[in-house]
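To start, the structure itself, in structure tokens.
Only heavy atoms go into these numbers, but all of them, side chains included; no hydrogens, no water, no symmetry mates.
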Amino acid sequence: MNTETTLSLPVEGMTCASCVGRVEKALAKVPGVARATVNLATEAAALTLSQRVPTATLTTAVEKAGYAVPHDEAELRIEGMTCASCVGRVERALQAVPGVLAATVNLATEQAHVSRVRGAAGAAELMAAVQKAGYTAHLLNAEQPAAPPAPSRDGWKVALAAALSAPLVIPMLGDLFGRHWMLDGWLQWLLATPVQFWLGARFYRAGWMALRAGSGNMDLLVSLGTSAAYGLSLWLLWQADGAMAHLYFESSAVVITLVLLGKWLESRAKRQTTDAIRALQALRPETARVRRDGVDLDVPVAELAVGDLVVVRPGERVAVDGRVEDGRSHVDESLITGESLPVAKQAGDRVTGGALNAEGLLLVRTLAVGAESTLARIVRMVESAQAGKAPIQRLVDQVSAVFVPVVVGLALLTLLGWGFVTGDWSAGVLNAVAVLVIACPCALGLATPAAIMVGTGAAARRGILIKDAQALEIAHAVRVVAFDKTGTLTEGRPQLAAAEPAADAGLTGDALVALAAALQSGSEHPLAAAVLAAAKQPLAPASDVQALPGRGIAGVVDGQSLQLGSTRLMDESGVARGALEARALALQSEGRTVSWLAGRHGEAPWRLLGLLAFGDTLKPGAAAAIATLRGLGLRTLMISGDNAGSAIAVGRALGIDDVRAEVLPEQKAGLVAALRAEMGNQGKVAMVGDGINDAPALAAADVGMAMAGEQGGTDAAMQAAGITLMRGDPALVAQAIDISRRTTAKIRQNLFWAFFYNVVGIPLAAFGLLNPVVAGAAMAMSSVSVLTNALLLKRWRPKA
């Protein structure tokens, strides 16, 4: 029988026939690939597979050959999942679809994130795979944030089940006081039957679908257990032939009632875990007032374009990211940045969509709309973190994969053990029922995602955006925090503090500044801005200007070649600094940053023209933030490109443990990697930075923290970091580590209780020490207690 299948795999990066050969050889080496033919024109590989080969394996082979397989993402809403076993089954079903690279399913959000080869694994195929596994899927719009799980409308079912079950339970309570209120057996049957087969029908449907898919879930355990108790009672009632028999209808009915109650409470608690997402979504105005040709028009936000002039009246939310063109006001950005006080805004300042305008009228020039706005990116980042899986979840996935079959086996052993050892088959059935009912994998499936959702939501409300669950979990183990200096610990707005020409340069201080300003007239560097602000206009034109990364800048002004930069640059150019060397050391000991200006005509040697000294203000809370980190037992480090004297002075003022100065941008990542190697298994290393030159170091750290500034930070830094701090406040670093520690503690507590219920409950049930009703109550409350424990994170507040 021929079982060969075909697959088309797009490949990017090929430029010639030799590339084709390399890709074909790489794919042909993958076990299960019978033939691989690559077409350079279509940039695709046609594969014939003799057995099923994971798409991720094929992609890895292409990437090792030096090429890429383009991929995209899809989000699905999954309906019908009830426990961790369901999560595993949906993941396996999606991963089996040809073209799917990875699939991650979150029980708390009821969503699946699928990474797939571009052009493969269409929405219809993905939804069909989920349906075949016994669930329902809907494709979510990537441009719009997903709505949180809908509130459960099953409250009436819980109430009705309780009303029908109460007459079955009350006689049991009467027996404790010597009252005999036992109902007739057939009346018990009449009350229990609608609970079992009508109100409890959901368990039979979901359990049957799980069996058809060759697996098991919570619903299967509940349906098996309650059916056994119901069936035993019906058999005893039939055998009694009108006599009073000891029946167990109350066990089956009350267990279903309790499970329904637990699922209803769980649904309500799930809604609370998504409060942060709903709060962020509520910040999106539906319409905006746009001024066009002097006329103000109300238009849908979706129709706005970059460049539009938006009118923001007092009390309205800002609809777009933009720059204030006219007006003054205060803006409340607390739900976006976590800043508790309104921020003053005037012409030239940037505002963020979703912020609330206070007393003034603002005219805002649109800079970003829709999916590119800051608010949309924040929502996507929070959603991504909440949908992801923490590394510790792997243990849960491994357990849940075999959980249900093991529990069914233990229940069968319990039945046979009691039946053959004691001869009491009725007790065996009841104890087996208790085993099936107490062993609910719901709590296991909710333990980790519930804590992550609440923790990331609490962090987002404080201006701490956590990109993924892995960053959240790793951050709790951080033992070393490395900071960039400029813009992170300092304000990043240096001012020119001194301009001293060399004795033989024949320049005044103003002339020295004018030359430096002319050379830097096109630069956006903070030091250049300080020089330009101090220079007197007009400036001479500069030509042949080139940046010297990590060293400075060079160019020609008025026919003279100039170099402005660090001591390293002067040393490389052989510039003697003479008497100004001592003055520079004195300035550096005061925390000033010193730059040197050298010049020459033609091929003559470089000669010193003078020095410029800059002062940057420490951020108000920087010293307190460092003290807080040290109080948490963390070692602090500052990495700076500044000269040693200036960097050490700043480090001393802040109380930093270690200072590394004169570090070039390309050396930062290597230094962070060396720190990680130095720490080994003793802890993790976090890097905090704000600029594009910090991106490699942020990526090299165990946890990168990108600090946003007045302009919202740089995209490169935010992309490289696992955590984004929406305010330029160093105190957020300690807060991020603290919420990580709290969330990780909740995850561990939840997993402990989830396992505890089963480790303790199953043996008690097997040995007849746990009534099925009590087992049902414990199982129903297990997931509720896990969610309630996670929801306590909503009360988290940063330490003063």
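Remark: the backbone N or O of Val454 is not paired with any side-chain donor or acceptor of Lys794 at under 3.5 angstrom. A donor-acceptor contact shorter than 3.5 Å is absent between the side chain of Ser740 and the backbone of Ala736. Panel note: side chain Thr352, backbone Ala355; no donor-acceptor pair is recorded below 3.5 Å. Under the 3.5 Å distance criterion, the side-chain polar atoms of Arg77 are left unmatched by any main-chain donor or acceptor of Ala112. Put simply, the side chain of Arg313 never gets that close to the backbone of Leu361: no donor and acceptor are under 3.5 Å apart. No donor-acceptor distance shorter than 3.5 angstrom exists from the side chain of Asp702 to the backbone of Lys684, with no hydrogens or angles considered. A side-chain donor-acceptor contact under 3.5 Å links Thr456 to the backbone of Met453.
Electrostatic pairing of Arg116 and Asp72 counts as a salt bridge here, judged by a charged N lying under 4.0 Å from a carboxylate O. Salt-bridge check for Arg635 with Asp657: failed, with every basic side-chain N at 4.0 Å or more from each acidic carboxylate O. Between Asp308 and Arg365 there is no salt bridge, since none of the side-chain N atoms of the basic residue sits less than 4.0 Å from a carboxylate O of the acidic one.
Between Leu732 and Arg727 there is a side-chain heavy-atom pair separated by less than 4.5 Å. Side-chain contact between Ile78 and Val130: present, with at least one pair of heavy atoms (C-beta onward) separated by less than 4.5 Å. Contact check for His113 versus Glu73: side-chain heavy atoms found under the 4.5 Å cut-off. Between Val703 and Ile737 the shortest side-chain heavy-atom distance does not fall below 4.5 Å. Side-chain contact between Val351 and Asp349: absent, with no pair of heavy atoms (C-beta onward) separated by less than 4.5 Å. The side-chain heavy atoms of Thr743 and Leu793, taken from C-beta on, include a pair separated by under 4.5 Å. Thr448 places a side-chain heavy atom less than 4.5 Å from the side chain of Leu751. With a 4.5 Å cut-off on side-chain heavy atoms, Phe483 and Asp690 do not count as touching.
Minimum interatomic distance between Asn750 and Ala447 (heavy atoms only, all atoms of both residues): ND2-O, 3.1 Å. Counting all heavy atoms, side chain and backbone alike, Ala700 lies closest to Ala669 at CB-O, 3.8 Å. Listed here is the closest heavy atom pair of Pro620 and Glu491: CD-OE2, 3.4 Å. Ala647 and Ser640 make their closest contact through CB-CB, 4.3 Å (heavy atoms, listed as atom of the first residue, atom of the second, distance). The two atoms that bring Trp796 and Gln735 nearest to each other are CZ2-O, 3.6 Å, heavy atoms only. When all heavy atoms of Ala653 and Leu618 are compared, the closest pair comes out as CB-CD1, 4.0 Å.
Note that CG of Asp296 and CG of Leu363 are 8.0 Å apart. Values are rounded to the nearest 0.5 Å. To the nearest 0.5 angstrom, Asp326 atom CG is 11.0 Å from Gln346 atom CD. Rounding to the nearest 0.5 Å places CD of Gln111 at 9.0 Å from CE of Met81. Here the straight-line distance linking atom NZ of Lys467 with atom CE of Met705 works out to 13.0 Å at 0.5 Å rounding. Here CZ of Arg350 is found 6.5 Å from CG of Asp321. Values are rounded to the nearest 0.5 Å. Between His476 atom NE2 and Ile747 atom CD1 the span is 9.0 Å, to the nearest 0.5 Å.
For the residue pair Ser329 / Asn357, a side-chain donor-acceptor distance below 3.5 Å is found, with atom types taken as modelled.
The only option from Asp484, Asp616, Ile626 that meets the side chain to side chain contact (heavy atoms under 4.5 Å, CB included) definition with Leu489 turns out to be Ile626.
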So Glu473 and Ile452, side chain to side chain contact (heavy atoms under 4.5 Å, CB included) or not? Walk me through it.
-> CA-CA 9 Å; Glu473 186 175 336; Ile452 288 173; over 6 Å; no
Between Val301 and Glu286, is a side chain to side chain contact (heavy atoms under 4.5 Å, CB included) present by the stated rule, with each step listed?
-> CA-CA 6 Å; Val301 171; Glu286 294 295 327; 5.8 Å; no
Could you please spell out the steps behind the side chain to side chain contact (heavy atoms under 4.5 Å, CB included) verdict for Met638 and Val650?
-> CA-CA 9 Å; Met638 187 178 77; Val650 171; 4.0 Å; yes
Start with the C-alpha gap between Arg118 and His71, add the side-chain angles, then the distance that decides, and say whether side chain to side chain contact (heavy atoms under 4.5 Å, CB included) holds.
-> CA-CA 4 Å; Arg118 189 180 301 162; His71 64 277; 5.7 Å; no
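The local environment of CD in Glu359 is crowded, with over 12 non-hydrogen atoms from other residues, nucleotides or ligands closer than 6.0 Å. Counting non-hydrogen atoms of other residues, nucleotides and ligands closer than 6.0 Å to CD of Gln495 gives a total of 12 or fewer.
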